[in-house]
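Okay, structure first, notes after.
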Amino acid sequence: MTNNLYSGDDGVTLTAESPEETRAVAARVAALLRAGDVLCLYGDLGAGKTTFVQGLAAALESRASVTSPTFTLVHEYRDGRLPLFHFDVYRLSGPSALADLGFDEYLAAGGVVVIEWADRIAAALPKERLDIMLEEEEAGAAGDEAAVRRRVTLDGREARWFGLRAAWEREVC
Amino acid sequence: MAVVADGRRILSSIVASQMAEHARYGGVVPEIASRRHVEQINLVLQTALRDAGVGFRDMDAVAVTNRPGLLGALLVGVSAAKALAMALSLPLVGVHHIEAHLYANFITHADAAFPAVALVVSGGHTDLFHLKNHGDYVLLGRTRDDAAGEAFDKCARLMGLDYPGGPAIEAAAKSGNPSAVPLPRAWLDGTPDFSFSGLKTAVRRVVQSADPPPVADIAASFQEAVVDVLVTKTVAAARQAGAPPRVLLAGGVAANARLREKMQAACDEAGLPLLYPPPALCTDNAAMIAATGYFHLQAGRGSDDLSLDIIASEPLAVRAHVPNPGGS
């Protein structure tokens, strides 16, 4: 999937070799989170978006088990260090459908908002956000989920996300 | 909205169907859902009473879904229910949506009773419960990622089939071979939990492969993979829960004929009576809400007052506390 939010020069790209590693990347992001943050997830069906949110919730010390909100549209996890509001806008017709989800209220609710399929509501997204793109690399043997590698690209404008990038670049080099 | 007498007799059940509009978008559109709720609620109330042949004064209680769900939609229903309860001095019962799916079994089956093991399987949920008594439930297992109904919808979309995906896949599967396409089944080391995310990814790879098999074969093989896991884990949980006298099936996916057929065969073999509602009471409906309110009051679980709140996310039950062998 291509997305015009990504210039190719921006952001830091990591490789996750397993769902556990995808969760570990999310945990690194979680350490920097504060109330009011918005995280946008992009990626095809099965790219690991819900897995990423599982890592996020666990790192925020929520004990809840995170499942896909595709049908229910939004799940709230309020038992962690910060409240986590988990949206999935896959089935929304567009940004105008957000009002009845209480989207603006959630943005102002003092927690972290994470949005799966954020490209579907691109016009409604705040400028201050962290974009997270998940892509599956060339698949190995069909059905061998354990062998699938995923590229995780993170891109945010705020200074602290640059810090995230710097930390990762030091590790990678 | 529905009028139900004595928990079991449906006098009327009105579904202000938005399926046609939702189908145009390939999914639910909350703006349509909530705006329509406001526009339609009075009309639907009048229709429900008229069809039932009753008036406001014939009602003994008002039950309403207050959790979990979209706050905009819940608010419209709860506000209307509070107005009715206050104006008519009736007890008000806030109902959990998933509990109502379970009670759909009590509407049509006079022999529905506790204890039981129940599988609630829908677009938003895949939960296994041990039901000990009215209001006394333990979560045995649930999906760790996608719900079974969600997997049906997403895989239908991958295969180019219609929304909603459950009926579309069931129809396509009729002319397909359920063992034609090898697809994974997530057994998760024998735990009562489920996972359908990997199956979804596998279907995507099959659909996008250079020479994909016929859609009917993919649909049949996918349906078989979901049903196999649901049936095996439900029967295993029922056996492990200490010989419960019955298994209940509930939720939208419980309308799937292949699931009913294979669950029936497995329960027969295990000597477990199986109950499931008719298809119209498997999908979301108001009669099950009314019935839940009735059994709730009958069981002496009390009523709510006008402070009844709406809640976006709340599990029906939690897992049993496992004592720490370390004793700390």
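Residue numbering restarts at 1 for every chain, and letters A, B, ... go by the order of the sequence lines.
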Contact between [X] and [Y] at the side-chain level, heavy atoms closer than 4.5 Å - yes or no?
{"X": "B/Lys154", "Y": "A/Ser68", "result": "yes"}
{"X": "A/Arg91", "Y": "B/Asp153", "result": "yes"}
{"X": "A/Tyr90", "Y": "B/Glu150", "result": "no"}
{"X": "B/Leu71", "Y": "A/Glu105", "result": "no"}
{"X": "B/Phe194", "Y": "A/Thr67", "result": "no"}

* Heavy-atom contact with chain B under 4.5 Å, split by part of A/Phe85 ->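 A/Phe85 has no heavy atom closer than 4.5 Å to chain B.
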* With a 4.5 angstrom heavy-atom cut-off, which part of A/Val53 approaches chain B: side chain, backbone, both or neither? ->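 For A/Val53, no heavy atom lies under 4.5 Å from chain B.
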Between [X] and [Y], what is the shortest heavy-atom contact and its length?
{"X": "B/Leu70", "Y": "A/Thr72", "answer": "CD2-O, 3.9 Å"}
{"X": "A/Tyr106", "Y": "B/Ala312", "answer": "OH-CB, 3.7 Å"}
{"X": "A/His75", "Y": "B/Ser313", "answer": "CA-OG, 3.5 Å"}
{"X": "A/Leu45", "Y": "B/Arg204", "answer": "O-NE, 2.7 Å"}

* **Proximal component of B/Leu75, with respect to chain A [non-hydrogen, under 4.5 Å]** =>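 Contact with chain A involves no heavy atom of B/Leu75 at all.
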* **Flag, side chain of A/Glu76 to backbone of B/Ile311, donor-acceptor distance under 3.5 Å** =>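 Side chain of A/Glu76 to backbone of B/Ile311: no pair is present.
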* Can you tell me how far CG of A/Asp44 sits from CG of B/Leu158, rounded to the nearest 0.5 angstrom? ->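 Reported value, rounded in 0.5 Å steps: 8.0 Å.
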* Asked: Hey, is CZ on A/Arg157 packed in by over 12 heavy atoms from elsewhere, all under 6.0 Å?
  ->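 Open: at most 12 neighbouring heavy atoms sit under 6.0 Å from CZ of A/Arg157.
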* Residue pairs fulfilling salt bridge (charged side-chain N to carboxylate O under 4.0 Å, His left out) with at least one residue in residues 49-63 of chain A, sequence neighbours excluded ->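 Sorted result for residues 49-63 of chain A: empty, none.
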* Among the listed options B/Asp145, B/Thr126, B/Thr143, the residue most often paired with chain A at heavy-atom distances under 4.5 Å ->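 Looking at each option in turn, the highest pair count goes to B/Asp145.
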